[in-house]
Amino acid sequence: MKYTRPRGTHDITPLEIARWQRVEHTFQRAFERYGYRGIRTPIFESTDLFVRAVGAQSDIVTKEMYTFTDRGGRSLTLRPENTASVIRAYLENGMHRWGGIQRLCYEGPMFRYDRPQAGRYRQFHQVGAEAIGSASPALDVEIIQLVVEALRELGFTSVDVRVNSVGTEASRVRYRQVLLDAIESRRADLTEDALARYRHNPLRIFDAKEYSAAFKEQLPRISDYLVDDDRVHFDGVQNMLASVAVPFTHDVQLVRGLDYYTRTVFEVYGGERSAQSALCGGGRYDTLVAECGGPDTPAIGMSAGLERIVEALPATSRTPEEVGPHYYVVCAGADAEARALQAARILREFGSVELDVSGRSVKTQLEAAGKKKARVAVVVDAAGPEVAYHDLAARTDAKVGFAALREFALQSKK
RNA sequence: GUGGGUGUAGCUCAGCUGGUUAGAGCCCCGGAUUGUGGAUCCGGUUGUCGCGGGUUCGAGUCCCGUCAUCCACCCCA
C-alpha cells in the first residue's frame, strides 16, 4: 500500500454511512424542533482565538493543536473545538445586535493531536449547539433536554446525565483557596508533577484517576462554596431538569478541561461507562463573549462526538439492512450499452437504477442483480424490439416492448 | 508524552520448540447444472509473511530499530 491515512484519522465507507447519516439527521431534527439554526465556521482560525478562548494553559492548547504558519506568515490552527469559532462568528457578523437569544447549531470535523485510542481520533466529528444571550437556567435545561431527546431517539435507553456547577469567578476564588489548602495539606500523597499541575488548576485534581474516589471524597466540594447567585442558578437547573423529567445525577467531581466554563457543566453517557465513553459534554460560558471583545453576554453550549455515538449505537437501531437498487439494467453484449442507457433513463423516473457495464455474460449479470438485492432486472439487447423484465421480488418475468417500457414500469410500480 | 498487546492473501485467521515449493474458510473470477434471485458442484487468481537491520548453513518463526494499529494512562467528544 503506497498511501495510508494519517494516524488517528479514519474513512467512513459506504458500509457505515447509513448509520452516520442517521445520527446526523436525528440531531438535525432535534435542533430544528428546538429552534436552533445552523452555522458553519472555517475549519481553521487564528491560533490566538483558541489560545484565548480555550485557555493558554489548557491541555488542548499546550499539546494538542494542529498549528501551522501560512504563506503570509500568519499562525493558524485547525479547530480543536467549535465554540470559540462560533462566538467569533457571532461577533464578527454582528449577531449580538440581532436581538434576543441566538440559538445556533453546527456539525463538522475537529482536530486534536492526541494519541489515538478507542473512541479518540485526531480528526473527529462533532455536532453541537450554542445558545447565546441568556443566563436563565431554563436555557441550560433546554440544551440538556435536547441532547437526551436525540440520544433516546437513536435508541439509547439508559442515558446518564451528570451535572455540576463550577461557579463564576466569585465562587471559584473562594473555593480555589480552600481546595488548594486541602491539596497542600496532603502534599505527601502527591507527586511533584501533580502538585505543580494542581497548584495551577486545582479543579483538575478531580479528573486524575491516579487518586482514589475515597481520596477525592475528602476534598472540599465546589458546590459547598458557591456564592448565592451561583447557588440559585444551579438549584434552578436541577429543579427544572426534574420538572421536565430528565434524569440526572449531581456529580460533585465533574470538572471540564476548557477554561471558559462557568456555572453549569455537564456530561452525557449512553450506557456503559468506559475509558472514552462520554458521548456529549458542555456547559455555560458566561464570560467568553466579553473576553472575545463583545458585550457582556451569557451563553451555554454542548457538543457531541459522532464517532462515539455511532460506535455505541444500540444494536437494535443500527439499520444494517442494505437497500439495493430498484432496477438493475443488464446489457446483453457491449453493443447494447447505448440502448441500456436509454432504458435506464426511463426507469430512473420510477426508482434507482444500477447499470451493469461489466461486459460479463447475461447470466452472471443476472446473478449480480440478485446479489445486489435489486427488485427488478431488465435485460436489454442491441437491437431487439423488446426487453426482458424480471421482477425478482415477485418472481415474474415479462417481455416488454421497448416503447412500452415507461408505461409498464408505471403500472408495475402501482 | 508514558506503558502493554498485535502486524501472514481483499476479509477472518492457522503456521508446533527456526528447516526445503506459506495454508484454510469467506470474498472475487471462470465454467457446469438449475426456465436466471445472493443456491449447488467443479476449477482458478491473489501474498516483497508491515518496513529496515542483525543472529544463523537456513528466519514468517529469534534479537534490535522503525512504522502502523489496538488497549490503558493522560486528556476529552
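Each chain gets a letter, A, B and so on, in the order its sequence line appears, and its residues count up from 1. All of these numbers come straight from a predicted model, not from anything done at the bench.
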Considering only the [atom1] atoms, how many Å lie between [N] and [M], rounded to the nearest integer?
N	M	atom1	result
B/C28	B/A39	P	9 Å
B/C76	B/C64	P	36 Å
B/G50	B/G38	C1'	35 Å
B/G10	B/U46	P	11 Å
B/C51	B/C11	P	15 Å
B/C16	B/C62	C1'	15 Å
B/A9	B/A24	C1'	11 Å
B/C49	B/G18	C1'	14 Å

Checking [Y] against [X]: is there a side-chain donor and acceptor pair closer than 3.5 Å?
X	Y	value
A/Ser358	A/Asp356	yes
A/Tyr269	A/Glu267	yes
A/Asp230	A/Ser171	yes
A/Glu142	A/Tyr36	yes
A/Thr26	A/Glu153	no

Item to check | Cation-pi check, A/Arg122 onto A/Tyr113 ring (under 6.0 Å, within 45° of axis) | outcome: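 Yes; both conditions hold, so A/Arg122 lies above the ring face of A/Tyr113.
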Next on the checklist: Under 4.0 Å from OP1 or OP2 of B/U69: is there any side-chain N or O of A/Arg7 that close?
Outcome noted: yes
Checklist entry - Can you find a side chain N or O atom of A/Gln117 that sits less than 4.0 Å from OP1 or OP2 on B/C73? => result yes
Under 4.0 Å, counting only non-hydrogen atoms across every strand here, what does [X] touch: a base, just sugar-phosphate, or nothing?
X	result
A/Glu64	sugar-phosphate
A/Thr364	sugar-phosphate
A/Arg360	sugar-phosphate
A/Gly119	base

Pair partner, [N] [Watson-Crick or wobble, under 3.5 Å]:
N	value
B/U2	B/A72
B/A32	B/U40
B/G65	B/C51
B/U45	none
B/C13	B/G23
B/A59	none

Could you state the atom-to-atom distance from [atom1] of [X] to [atom2] of [N] in whole Å?
X	N	atom1	atom2	value
A/Phe124	B/C75	CZ	C1'	11 Å
A/Asp114	B/C76	CG	P	9 Å
A/Lys371	B/U36	NZ	C1'	13 Å
A/Met302	B/C76	CE	C1'	14 Å
A/Lys363	B/G31	NZ	C1'	7 Å
A/Lys399	B/U36	NZ	P	15 Å
A/Leu366	B/A39	CG	P	15 Å
A/Ile309	B/C76	CD1	C1'	14 Å

Checklist entry - With no angle test and no hydrogens, is the base of B/C75 tied to the side chain of A/Arg120 by a donor-acceptor pair under 3.5 Å? => result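 Looking at the base of B/C75, it does pair with a donor or acceptor on the side chain of A/Arg120 (distance under 3.5 Å).
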Checklist entry - Can you find a donor-acceptor pair, distance only, under 3.5 Å between A/Arg375 side chain and B/G37 base? => result no
Item to check | Comparing A/Gly281 and A/Lys63 on RNA chain B - which has the more 5′ nearest nucleotide | outcome: A/Lys63
Checklist entry - Taking for each residue the nucleotide of RNA chain B with the nearest heavy atom, is it A/Gly8 or A/Leu279 whose nucleotide lies nearer the 5' end? => result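 It is A/Gly8, whose closest nucleotide lies nearer the 5' terminus.
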Next on the checklist: I need the A/Ile143 CD1 to A/Arg103 CZ distance, nearest 0.5 Å.
Outcome noted: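 So the gap between those two atoms works out to 8.5 Å.
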Next on the checklist: Of the listed nucleotides (B/G38, B/A72, B/A77), which one gets closest to any side-chain atom of A/Lys373?
Outcome noted: B/G38
